[in-house]
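Working notes for the structure below.
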Amino acid sequence: MDIFEGIAIAETSLRAHKLRSTLTILGVIIGVCAVITMIAVGKGAKSQIRESIRSLGTNLLMVNPGQFGRGHSFPAGGTTVKNLTLADANIFKEKISLIKEVSPELRSRVKVSFENMTTETQLTGALPSFLKVRNYQISQGRNFTQTELKGKKKVCILGKEVVNNLFGEYEPLSKKIKIKQHSFEVIGVLKEKGSQVMGNPDDVIYIPLSTMQRRILGQDNISVIYIEVKDERNMDDVCDNITYILRQRHNLKEKDDDDFTVRSQKDMLQTMQSVLGTFTMLLTSIAAVSLLVGGIGIMNIMLVSVIERTREIGIRKALGATPTDILIQFLIEAMILSLTGGLVGIILGIMVAKIISMIAGWTTIITFGSILLAFIFSVSIGVFFGLYPAKGAAGLKPIEALRYE
């Protein structure tokens, strides 16, 4: 018996039980579809995280108050840990020659209004250097100046989403908005970055840091200090220098823990991708379980098929079919079931990933590797779960098979 004859016989057998075959294939379809979809969502999320972190700036370090993972957190609207000051930021630039630029920020969630429109957003006090360090660009207007910084002027630069919420189609430049009962003049609009995994960089208002400290919050503390390093190769050295300087300035003894955290983009990327990678593996493993269920379904249907076709097996053996012929025959049937389910599952998985991307707005990345993995997995399922019934069929004795009722 050649391979083509085996396929023809298998097709005839499976067509004789269309509903049963379809239900068996369905388990493989669902499993393959789930695996491809989960991998696509996981890879898309990793890509979004990578782009979010890169959009923060280049060669960037972040100094936050408190210790990450020791009971402190870094909320987007500010921090309850108050141990970083503008003086800390200034001394970094003064003492560490490897630093290109420093941009301290003070943040708070506030309600802002223009005429009868109101929205809640993140208000950030910063130095003029924030544009370069944070990788922002001005699409309209200008940045605030050192003179406006020193004079604690009430000027602001709006993110694109804030402009849309407050002004709609109207021109925002030179208009006055209300922030905590203070009237601020809009002098600029930031170029849109788009919503990202780590937050929405367009939902923000920037004002001079001195204005934020004196007129809005009345405090000298800093929420975060962004530091741009001249060369990526010097990131670790700058981290060590910052740690040494801050420990001295904060009068920390050798046995004391740091009361701050220095993180690089690389650290953030590794941490977040590690967590996301584990989560993706968990979801993919759960999806793979449905493939195993589909494989068990294949084994079950093949065992039933062997019992139903016992006399047929006996006749074929009596006519000269070898145990290998019978083994190959039933293996072909199991593989046709798994391959059909695998191919349909791949197509369906790609479609589901695209639909998720369109409806939920998530980035999904479908790679040839994930498709190949799902395909190989489905073939392996067919071989593994089809082998036992096939061996059982091949091992039947002709006389006993012919006498079977």
4.5 Å side-chain heavy-atom contact, Val204 and Val162: no
For the student: nearest non-hydrogen atoms of Thr243 and Asp258, plus distance: CG2-OD2, 3.9 Å
Parallel, tilted or perpendicular: which one describes the rings of Phe167 and Phe114, with boundaries at 30° and 60°? tilted
Residues Glu161 and Asn200: side-chain donor-acceptor under 3.5 angstrom: yes
Hey, does the side chain of Lys175 reach the backbone of Glu171 with a donor-acceptor pair shorter than 3.5 angstrom? yes
Do Asn234 side-chain atoms and Leu98 backbone N/O form a donor-acceptor pair below 3.5 Å? no
Could you walk me through whether Glu101 and Lys132 satisfy the salt bridge (charged side-chain N to carboxylate O under 4.0 Å, His left out) test, starting with their C-alpha distance in whole Å, then the side-chain angles of each, then the deciding distance to 0.1 Å, before giving a yes or no? CA-CA 9 Å; Glu101 196 58 77; Lys132 189 172 186 307; over 6 Å; no
Between Lys193 (side chain only) and Asn135 (backbone N and O only), is there a donor and an acceptor less than 3.5 Å apart? yes
Please report the closest heavy-atom contact between Ile29 and Gly341, naming both atoms and the distance. CG1-O, 3.4 Å
Verify, without hydrogens or angle tests, whether Asn300 (side chain) and Ile296 (backbone) share a donor-acceptor contact under 3.5 angstrom. no
Closest non-hydrogen atoms of Pro208 and Leu149, given as atom of the first, atom of the second and distance, are CB-CD1, 3.9 Å
Side chains of Ile216 and His182 in contact at under 4.5 Å (non-hydrogen atoms): yes
Please report the shortest heavy-atom distance between Phe144 and Arg142, naming the atom on each side. CA-NH1, 3.9 Å
Gly386 and Ala334: which non-hydrogen atoms are nearest, and at how many Å? CA-CB, 3.7 Å
In terms of side-chain heavy atoms, does Arg249 have a donor or acceptor partner in Tyr244 at a distance below 3.5 Å? no
Any donor-acceptor N/O pair, Ser378 side chain to Phe375 backbone, under 3.5 Å: yes
Using modelled atom types and a 3.5 Å cut-off, is there a donor and acceptor pairing between side-chain atoms of Ser223 and backbone atoms of Arg107? yes
Would you say the side-chain atoms of Thr364 pair up with the backbone N or O of Ala353, donor to acceptor, closer than 3.5 Å? yes
Taking the side chain as everything from C-beta on, heavy atoms only, tell me whether Val229 gets closer than 4.5 Å to Lys100. no
Look only at the side chain of Ser380 and the backbone of Ile376, and say whether a donor-acceptor pair between them is shorter than 3.5 Å. yes
For Asp220 and Thr85, does a side-chain donor sit closer than 3.5 Å to a side-chain acceptor? no
Please state whether the rings of Phe260 and His250 are parallel, tilted or perpendicular, taking 30° and 60° as the class boundaries. perpendicular
Run the side-chain contact (heavy atoms from CB on, under 4.5 Å) test on Asp203 and Gln122 for me, step by step, so that the C-alpha distance in whole Å, both residues' side-chain angles and the decisive distance to 0.1 Å come before the verdict. CA-CA 7 Å; Asp203 186 18; Gln122 178 179 283; over 6 Å; no
Look at the side chain of Thr37 and the backbone N and O of Ala34, then say whether any donor-acceptor pair between them is shorter than 3.5 Å. no
Under 3.5 Å donor-acceptor, Glu148 side chain and Thr145 backbone: yes
Below 4.5 Å, heavy atoms only, C-beta onward: do Ile205 and Val112 meet side chain to side chain? yes
Which atom of Lys354 lies closest to which atom of Ile366, heavy atoms considered: CE-CD1, 4.3 Å
For Lys191, is the NZ atom crowded, meaning more than 12 foreign heavy atoms sit under 6.0 Å from it? no
